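Note sheet for the following structure.
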Amino acid sequence: MFRWFSAKIGDGGVAEDTATEGAAGAAEAGARPQLPARLQPGSLLEVGEAGIELKSDGSFKACDRYGCAEALVPPGVPVDIVPVPAIYRLLTATSFIYVEFDRRVHVGGEGESLYWTLAPFELEVNIDGLTLIRLAPVKVKFTLIGTVTEGTLARYFKAPVARSPEELPEIPGTALLGFKVAGTSALLPGIGFNAAVATFFADRSGVLYYPLVSVKTDGESVAARTTSDPPKDGLVPIFPGERRLLPFPFTQQAAPFTMTIEVVRPRHTAP
Amino acid sequence: MAAEASTSEGAGAIGTLSGVLQRIEGQISKILISAAIIVGFVFLALFVRSLTRRSLAPKLPPHVYRPLENFLFYGIIVAGVISALYPFGITLTGLLVAGGFAGVVIGFASQQTVSNFISGIFLLVEQPLRVGDPVTVAGVSGVVYDISILSTKIRTWEGPIVRIPNSTVFNEIITNYVRTRARRVEYSIGIHYDSSIEKAVEALKKMMEEHPFCLANPAPEVFVDNYADSSIVLKVRCWAPPQVWFATKVELQTKTKKVLEEAGVKIPYPQLDLHIVSAQTDLPVRLKSEQQG
């Protein structure tokens, strides 16, 4: 059994789950926090490099490696911590996340195959529905897929890839990403997907999942489309509730991720 | 007879006066109708612009909805002017025919304005620059503040707003700094000849790999650019999103000194070695501090 969040819960704990029916329930001290969560006065939440603290006197502080935000929260005002796709912190310039694998993976061939990797998420701090800050539990990095003039800017993360989620290591601040590949065989160096349209799923133990990404290879390129389906059975969708979304470059909003230069086909195939 | 003639002259004069008054009345009513049409179209244009702004501004970026808004606004105004000429018997066909001659006259008189207008339309269609883009046009650098039908306004880095006629914008070389996915941050740093090049390169590469805006791909580069008089000059390069190019450059340059110091790499002052090839006698050397001097 592995934990996905290096969570420390203070006196108040994370007492209330605001949206996830299936994953709801009062968290016990020491247990994995369920996200999204409503923070109670006197509680501390740490996920990866992000820390959020609401003191009993109403002092609120949320920090990650890039900075902090502070607020005074009167009693009774709800403070919600919501997981959001990792495309906001530091720079809102892309809708895409690109996960580079630690090794190339052979995909395609006959039928469809399901693979798993990890993709980062961010923690959105909402005070009475107003977004105070979005925190990055993991290091923020960007990359360019394609050429400098026509390529796609994407949030970058390097992670292992596996055939089942149980084979993947624990990395706090990341959610499981399942992608189903169909098409001709290719050696895939990574997977990019449109995260702006992604809705999270969670299992009963609070593990977060990105929605299933459908990938098609044609030998020359790979196209990835973010679906609205859960990557496996038994997951419940996380509804972020009332949030005010940041505007995105409208041309990228619903676009699928395409990549043409990163696919390497095997040069020699068995006779 | 004289009285009859006088009466008929009076009646004629009254008739003429009445005709003139009727014509004036007719002209005044036409002018009023035209004015009403123009006012009506102006209100319509303002209404449409307001409606467009309210409905499109939250959904579309400024560079998309503003040209559309301008196009609709000026299109309605032009339609209003043409409609206002109708009570005077001037139709679009008549305008086009009269335009053959009037166009020559007006063309000479308003050559520059028309040139700006046409250039403005081309700029709106081609969109080599958009509102909010950092650009350099005709030697003016700054952020595009507004693109109207006759001129483009640029807020320079120092703050003032510079108005450039659209014909100038259209004919000049335009450098747009954000119409690319990434922009290269590049600077040079000199290290001491006694310091390790490998250590310096490794430290600078690590610094860029840690920086959130230095893209993972294309990968950061550090290489020896020159063996200069006083230092080995390293070239430091990484690609960054254009929106944060300046901030990235400033941060990297600021951090470079600390990173090199931590790696045990020295940044030298300019220095000059003097070699005296042949001296007949010993040269007396006297060191003098600045305070004494």
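So you know, we letter chains A, B, ... as the sequences are listed, proteins then strands, and number each from 1. Predicted, not measured: the structure shown is a model, and the values here were computed from it. Hydrogens, waters and symmetry mates are skipped; everything else that's a heavy atom, side chains included, is used.
Counting heavy-atom neighbours within 6.0 Å of B:Tyr187 OH, excluding the residue itself, gives a total above 12. More than 12 heavy atoms of other shown residues, nucleotides or ligands fall within 6.0 angstrom of atom CZ in B:Phe223. Residue A:Phe101 qualifies as enclosed at atom CZ: its count of foreign heavy atoms under 6.0 Å is above 12. Environment of CZ in B:Phe246: sparse, with no more than 12 heavy atoms of neighbouring residues, nucleotides or ligands closer than 6.0 Å. Atom OH of B:Tyr193 is surrounded by more than 12 heavy atoms from other residues, nucleotides or ligands within 6.0 Å. Within 6.0 Å of OH in B:Tyr145 there are 12 or fewer heavy atoms belonging to other residues, nucleotides or ligands.
Using a 4.5 Å cut-off between heavy atoms, A:Arg65 touches chain B through its side chain atoms alone. In this structure, chain B has heavy atoms under 4.5 Å from both the backbone and the side chain of A:Phe142.
Under a 3.5 Å cut-off, the side chain of B:Asn217 and the backbone N or O of A:Leu144 do form a donor-acceptor pair. B:Thr180 contributes a side-chain N or O that, together with a main-chain N or O of A:Val148, makes up a donor-acceptor pair within less than 3.5 Å. Using modelled atom types, one side-chain atom of B:Arg181 and one backbone atom of A:Gly151 make a donor-acceptor pair closer than 3.5 Å.
Note that the NZ atom of A:Lys139 and the NE2 atom of B:His211 stand 11.5 Å from one another [nearest 0.5 Å].
Salt bridge absent: A:Lys141 and B:Glu209 never bring a charged side-chain N and a carboxylate O closer than 4.0 Å.
The residue among A:Thr149, A:Leu90, A:Thr143, A:Val140 with the most heavy atom pairs within less than 4.5 Å of chain B is A:Thr143.
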